[in-house]
Amino acid sequence: MKYYDKLIFELSVPSRVGFSLPQSEVSLPKEGKIWRQSPLNLPEVSEPDVVRHYTMLSQMNFGVDTGFYPLGSCTMKYNPKINEEIASNKVFASLHPLQSEDTVKGARELVDTLDSCLAAITGMKHFTFLPCAGAHGELTGLMLMREYHKSRGDVKRTKVIVPDSAHGTNPASAAVCGLEIVVVKSGEDGLVDVESLKPLLGDDIAGIMMTNPNTLGLFERQITQIASLVHGCGGLLYYDGANMNPLLGVVRPGDMGFDIMHLNLHKTFSTPHGGGGPGSGPVGVCEKLVPFLPVPKVSGFHGNFAVMARALAYILMLGKENIRMAGKLATLNANYVKESLKDCYKLPIESVCKHEFVFDGLKESNGVTTLDVAKRLLDYGFHAPTIYFPLLFHQAIMIEPTETESRQTIDEFIEVMRVIAREAKENPELLHSAPHNTPIGRPDETAAARQPVIKYEKKS
Amino acid sequence: MADFCYFPHTPEDIALMLERIGVGSLDELYSDVPGECFFKGEYDLPSAMSEQQVRDYFESLAAKNSSLKVMVGQGAYDHYVPSVIPYITSRSEFLTAYTPYQCEISQGTLRYIFEWQTMISNLTGLPCANASMYDGPTAAAEAVRMCVAASKKKNTVIVSASLLPSVLDVIRTYASYSGVNVVVSESIAEDVAEGVADLAGVIVPSVNRYGIIEDHSGLADLVHSMKALLVEYCDPSALAVVKSPAEWGADIAVGDGQSLGIPLNYGGPYVGFMACTQELMRKMPGRIVGQTVDAQGRRCYVLTLQAREQHIRREKATSNICSNQSLMALWCTVYLSLMGPKGLRRVNELCYGLSHRLYEGLLASGKFEKVYDGEFIKEFVLKPLCDVPALQKALQDAGYFAALQTEEGYVTFCVTERRSAAEVDEVISIVRAL
């Protein structure tokens, strides 16, 4: 098919309309200082134009429903369709956020039920649903951490410890929350080095942010010792729930000693990522922090309600029986890929992994980079893994298959990864110039950043 | 083994895979987890439901709500949602994609974000828009932080008391933790003119919490003379007819895209937007999509200016924001494509006609007093001379959500094109009968 390269603005023809509205009996004043004087450039297109344009755009996209999406740290599991049906329920969609409690009893019950389900799954006491995403949850959780210390008159605690392997959002959220970041190093085994942690602990430490398993997909084996050390110095433990999936139905953050956590409903709880959002990042707290809920207002109303509805539908489908298998199957799939490919790709840390793991590029690279491997994967119809993260390895390839992928799909992926490793030896140029079978080839990203064009301007 | 429709593994698959890995059981994959960490109890969750049971359960929850004819706004507006929008946004290729990291197979997402940025830029009049934010209030809070970051050493932002309560709340929250000094002002021009030593920015609503279109004549010059930035908080639907942030001389525009065809959804998901001047582009938080060419010279789109962002800059990033509300931005982009300049103007005209019909009718009932003289489009407040709970109950009994009480003791109404003249007249007659 020919590459469709139009923007909706380029389909515009003056006086064509795509709306169906009643006629208006009034017209608004145009003169006067409060009214808009400048013309409004929006497309003038018909409804069929709009439908065809966006349908064609959608065909240039890759989603979980179109193929395997092993993007590390993103948990691209299947997004059940019953969730969508529920989220678009006409009654829920029609509720105004400021309606009186007696008119939204069903919506409140939905939120309360989700709260108790998430509490049961994580070992936390209660959740707030205001945060709209994981990073938003981190920020909210850190605000709660500060409130806790403030309530005790413990105002010296202005620092938060973040492992060098942490997601970039952790230090960024701490900075937005007005906390100073102290980095703790990982040891040779990829885990937080307890001996490096000890000297950092003191009466100026508000807490530590950890994701467990960490971004290498490795379980922090010394978590209970870390918890008692941090608690011992008066700090709190924050759990970044981005990597919760392998623990779903197996381990609860509350039982590991975490005091505050967020969940990414769009990762662990199957709600679609929507091309970058909307997500939902509810924050849970242990019993002693419950008095600090509800949190300070971090979003306009009650959070992303329609996302919560999807997550609850998923939990009810899983039930207390199937949840027991969710994390384990995710872990099975990841270890299976790792063991099947470690002869061709460099595995920097030999260990059982959880939901994901990290290769450090090809074993025999022949000048082929991780970027080349990722782009070549696109040619074979797979989404690429997360690349160049975590920063601990220069050629990081972070693979997370999730539990909803079958052995057949994963075997196909493994086979393609092996083919690519062979191609790297035999025909590296093929990889440097990949992808070849996608709607576009590699873009010039340098030009995009040097002379940014971030809106459409009609050529005159 | 799991007999569950989302898990593809058969017992044979599991056995084979464990063998390849070289372990004897699934539990052995957790040999690195200390014993005390395992959850040994039974999860306090319901038993697995069938899909039909799940559907029935949510139907029963939905039935416990009252679906009312909405005549309140306050940051969430009941505009008509064209049928095309959910049809497009529910396409799997859009819905089940992640952030467009691999641009070669994400041109769909990238292109509609580029279109969204263009539309937001054209509505606000400011040249640079980002890929979207969580919601309007968080976009406002980020704009406040941006003023401070851009000024380098200054730390005070004057915030108009006439902003929506939800916007003020979130600004206050963000500011208090990041150490920004927020001064809430009842009379912006006077407070700015008085002089604040370290004024970094001023944020005002284009249409305020009382529904009134504010007159910001001269404000931008005044703010700029203090070497500070002016931020306008706007309702993007109204921007088709009210003076744009650029026309007022603002440096940053923020707001919530919900009024562009997103259902009320009990408060979310909505979508925040942000636009700014060329000078501030690299200070903007969030994702930005830019145009470039591929190896064959074909026009295409990529995430750009990523050096501002958390995954590269970590604690030095412009914000901690990592996602955007991409699908909701698509929602608005499709809406604006359908509406075009004429449709969006029509929406405002219809709102204007209906809301003024209600306003006049309510005043004529003798049950309310006028509060403000300013021009409004769809939302207004009145001072009640009647018993408010009785008023609200009478309206609710007739199926309306209207006359929400404000902090000041007024009642607020909002009429969109979703309502008919007959419904407006019914509300007036209910009020008369009180």
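Reminder, nothing fancy here: chain letters follow the sequence lines and each chain counts from 1.
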Could B/Arg298 and A/Tyr3 be counted as a cation-pi pair, given that NZ or CZ must be under 6.0 Å from the ring centre and within 45° of the axis?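 Yes, cation above the ring, under 6.0 Å and within 45°.
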Test the A/Lys354-B/Tyr30 pair against the cation-pi criterion, namely NZ or CZ under 6.0 angstrom from the six-membered ring centroid and within 45° of the ring axis.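 Yes - A/Lys354 lies over the ring of B/Tyr30, closer than 6.0 Å to its centre and within 45° of its axis.
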With a 4.5 Å heavy-atom cut-off, do [X] and [Y] have their side chains touching?
{"X": "B/Phe58", "Y": "A/Leu316", "answer": "yes"}
{"X": "A/Ser27", "Y": "B/Arg345", "answer": "no"}
{"X": "A/Arg146", "Y": "B/Tyr177", "answer": "yes"}
{"X": "B/Gln102", "Y": "A/Lys375", "answer": "yes"}

Measure up the A/Trp35 and B/Tyr352 rings against each other and bin them: parallel (under 30°), tilted (30 to 60°), perpendicular (over 60°).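 Rings of A/Trp35 and B/Tyr352: perpendicular, over 60°.
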Do the rings of A/His136 and B/Tyr174 sit parallel, tilted or perpendicular, given the 30° and 60° boundaries?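 Rings of A/His136 and B/Tyr174: tilted, 30 to 60°.
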Check for a donor-acceptor pair, side chain of B/Asp294 on one end and backbone N or O of A/Gly441 on the other, with a separation under 3.5 Å.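 Yes: the side chain of B/Asp294 pairs with the backbone of A/Gly441.
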Checking the side chain of B/Gln117 only, and the main-chain atoms of A/Ile454 only, is there a donor and an acceptor separated by less than 3.5 Å?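 Side chain of B/Gln117 to backbone of A/Ile454: a pair is present.
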Name the member of A/Gly300, A/Ala309, A/Ser406, A/Ala119 that forms the most heavy-atom pairs with chain B at distances under 4.5 Å.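 Top option by heavy-atom pairs under 4.5 Å: A/Gly300.
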A/Leu218, A/Thr66, A/Val51: which one forms the most heavy-atom pairs within less than 4.5 Å of chain B?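 Highest number of heavy-atom pairs under 4.5 Å: A/Val51.
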Have A/Asp102 and B/Gln396 got a donor and an acceptor in their side chains that come within less than 3.5 Å?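 Result is yes, a qualifying pair exists.
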Is any side-chain N of the basic residue among B/Asp169 and A/Lys297 closer than 4.0 Å to the acidic one's carboxylate O?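 So B/Asp169 does not pair with A/Lys297 through a salt bridge.
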Take atom CG of A/Asp5 as the centre, draw a 6.0 Å sphere, and report whether it contains more than 12 heavy atoms from other residues, nucleotides or ligands.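 Buried by this count: over 12 neighbours within 6.0 Å.
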